[in-house]
Amino acid sequence: MNILLPQPVEVQAVQRLEEAGHRVVTAPDPSPEKVLPLMKDAQAVILRTGITMTREIIAAADDLMVISRTGGGFDNVDLEAASDNEVIVTSNLGVNSISVCEHVLAMMLSLAKQLPRLDHAVRNDNYSIRYQNLSRDLNGKTMGLLGFGRIGFEVATACKTVFKMTVLACDPYLPDEVKADYAKLVTFVDKERLCRDSDVISVHVPLTEQTHHALSTAEFEQMKSEVIVINTSRGPVIDEEALVYALQHKIIGGAGLDVQTREPPESESLLLKLDNVLLTPHSAALTNECVIRMATDAADRTIEVLSGKKPLNVANPEVLAGSRWQHLV
Ligand code: NAD
């Protein structure tokens, strides 16, 4: 069968697909113009984040069976269109949680300890900056998690055990019995208390209509003036204009953003001009080890479907009820 890669994936995953007898086709680049014509003959797509599988792109395939995401989110797939075309969408839940968690900790430490600023000072003959006591300790402070899923859990565990932080979490969708299981690790609160009482806020929700601009002017105004806000989820979960205003006017202390509203940010973006912001290029999960895990797991999900097995982590499970998939075991 033909497996289409809109963007290249790690060689270990390609080998796995070829050893299973499939033909791998890589698009020259992930633009819709280049990917759409290649869809016609594809039975499977292994999808990173560089392109959105729109209804038009999905409908261009004659016999598409599966879209397998390398990451956990599937907001770059039109799920309804996939289901209408009886295409299974799978994603790799949890495979990158620990890598994203480490990125959050790195951003939190870097901002609390003011590493970019101190590094810059040492290189520019300003060694006496050490007497300004710019760094802050995290020990005993409060981490607030917006979203307590797989990544939120890892961050909570690290913050509690390593830094002895108090951990608050806001996640209205978690059932009470699940919340009770984590009662020793986190205190569940509403968003207002999370904003008011946290010294660091880290965002771990999917991008949905409800989470779009979940942190905006009203929320920033509730926060402590020294709070560090970290976003490794999706850019539009934070209202970037309101964030820039809050940072410029010292309403909040700093921000660590692995994701931005526009990726890459425009060259005139005000975010690029602020020194209390740490920016990374949507790379939290792109560690050497994690990209191999993500690509090989996505290849495994694909091979499962193409060989008649029900894959793990189906994002549109209703599709499995249709006649096309009754043979899956
Ligand atoms: P997850 O599905 O395990 O957890 C998400 C949690 O958010 C769930 O517990 C859910 O109940 C909660 N939630 C949903 N809507 C909410 C709301 N309005 N308010 C509060 N909580 C809400 O997901 P995860 O694996 O922890 O990942 C979180 C997000 O991180 C993903 O959706 C993805 O967009 C992003 N992500 C980014 C990278 C990266 O490279 N930067 C990598 C992996 C994941």
Side-chain angles (χ1 to χ4, degrees), residues 98-146 151-152 154-168 194-204 215 219-233 235 238 240 242-260 264-265 267-289:
I98 200 65
S99 305
V100 178
C101 166
E102 288 186 13
H103 201 89
V104 171
L105 299 179
M107 284 189 143
M108 174 173 78
L109 281 164
S110 184
L111 287 161
K113 303 299 175 187
Q114 300 273 331
L115 297 187
R117 200 163 158 192
L118 296 179
D119 177 86
H120 184 263
V122 173
R123 290 169 199 273
N124 288 278
D125 199 23
N126 181 16
Y127 214 79
S128 64
I129 196 171
R130 68 191 289 258
Y131 298 115
Q132 291 182 32
N133 311 118
L134 294 171
S135 311
R136 298 225 162 71
D137 287 339
L138 292 162
N139 186 68
K141 299 277 170 60
T142 299
M143 163 58 89
L145 299 167
L146 186 61
I151 300 170
E154 297 290 352
V155 174
T157 306
C159 289
K160 184 93 173 177
T161 52
V162 181
F163 303 111
K164 302 186 175 42
M165 294 176 87
T166 299
V167 184
L168 305 178
L194 187 96
C195 291
R196 213 183 51 220
D197 291 354
S198 303
D199 299 293
V200 183
I201 293 176
S202 192
V203 181
H204 301 291
L215 297 185
E219 287 76 19
F220 294 130
E221 282 174 356
Q222 288 159 356
M223 293 178 192
K224 296 183 185 182
S225 60
E226 287 169 357
V227 72
I228 292 168
V229 175
I230 296 173
N231 188 10
T232 56
S233 67
I238 292 186
E240 210 163 88
L243 176 71
V244 167
Y245 184 89
L247 288 162
Q248 280 173 331
H249 294 83
K250 310 284 181 222
I251 294 166
I252 64 169
L257 307 174
D258 183 48
V259 287
Q260 299 87 29
S267 55
E268 61 272 22
S269 166
L270 293 173
L271 279 180
L272 306 180
K273 299 183 173 50
L274 294 168
D275 64 2
N276 47 355
V277 177
L278 198 57
L279 296 164
T280 51
H282 201 150
S283 58
L286 302 182
T287 67
N288 212 287
E289 297 81 358

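Since this is a predicted model, take the numbers as computed values, not measurements.
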Inset, instruction - Could you pull out the closest heavy-atom pair between Cys159 and Leu105, with the gap in Å? - result: SG-CD2, 4.1 Å
Legend entry - Distance, nearest 0.5 Å, that separates CD of Gln222 from CG of Leu194: 10.0 Å
Inset, instruction - Identify, with sequence neighbours excluded, every residue that meets side chain to side chain contact (heavy atoms under 4.5 Å, CB included) alongside Leu270. - result: Val244, Gln248, Lys273
Legend entry - Leu243 to Leu257 - nearest heavy-atom pair and separation: CD2-CD1, 3.7 Å
Inset, instruction - Any chance you could lay out the side-chain contact (heavy atoms from CB on, under 4.5 Å) test for Asp199 and Lys224, step after step, and finish with the verdict? - result: CA-CA 7 Å; Asp199 299 293; Lys224 296 183 185 182; 2.9 Å; yes
Inset, instruction - Taking all non-hydrogen atoms of both residues into account, name the closest pair between Leu168 and Ser198 and its distance. - result: CD1-OG, 4.1 Å
Inset, instruction - Answer whether the closest heavy-atom distance between the side chains of Glu289 and Ser99 falls below 4.5 Å. - result: no
Legend entry - Presence of salt bridge, Asp197 and Lys141, under 4.0 angstrom: no
Inset, instruction - Taking atom CG of Asn139 as the centre, report whether more than 12 heavy atoms of other residues, nucleotides or ligands fall under 6.0 Å from it. - result: yes
Inset, instruction - Please test Asp275 against His120 for side-chain contact (heavy atoms from CB on, under 4.5 Å), starting from the C-alpha separation and ending with a verdict. - result: CA-CA 11 Å; Asp275 64 2; His120 184 263; over 6 Å; no
Legend entry - Heavy-atom closest contact (Val277 atom, Leu247 atom, distance): CG2-CD1, 3.4 Å
Inset, instruction - Hey, could you give me the CG/OG1 distance between Leu138 and Thr142, rounded to the nearest 0.5 Å? - result: 11.0 Å
Legend entry - Check: His204 and Ser233 side chains under 4.5 Å, non-hydrogen atoms: no
Legend entry - side-chain hydrogen bond (donor to acceptor under 3.5 Å, both in side chains) against Thr280, all qualifying residues, sequence neighbours excluded: His103, Asp258
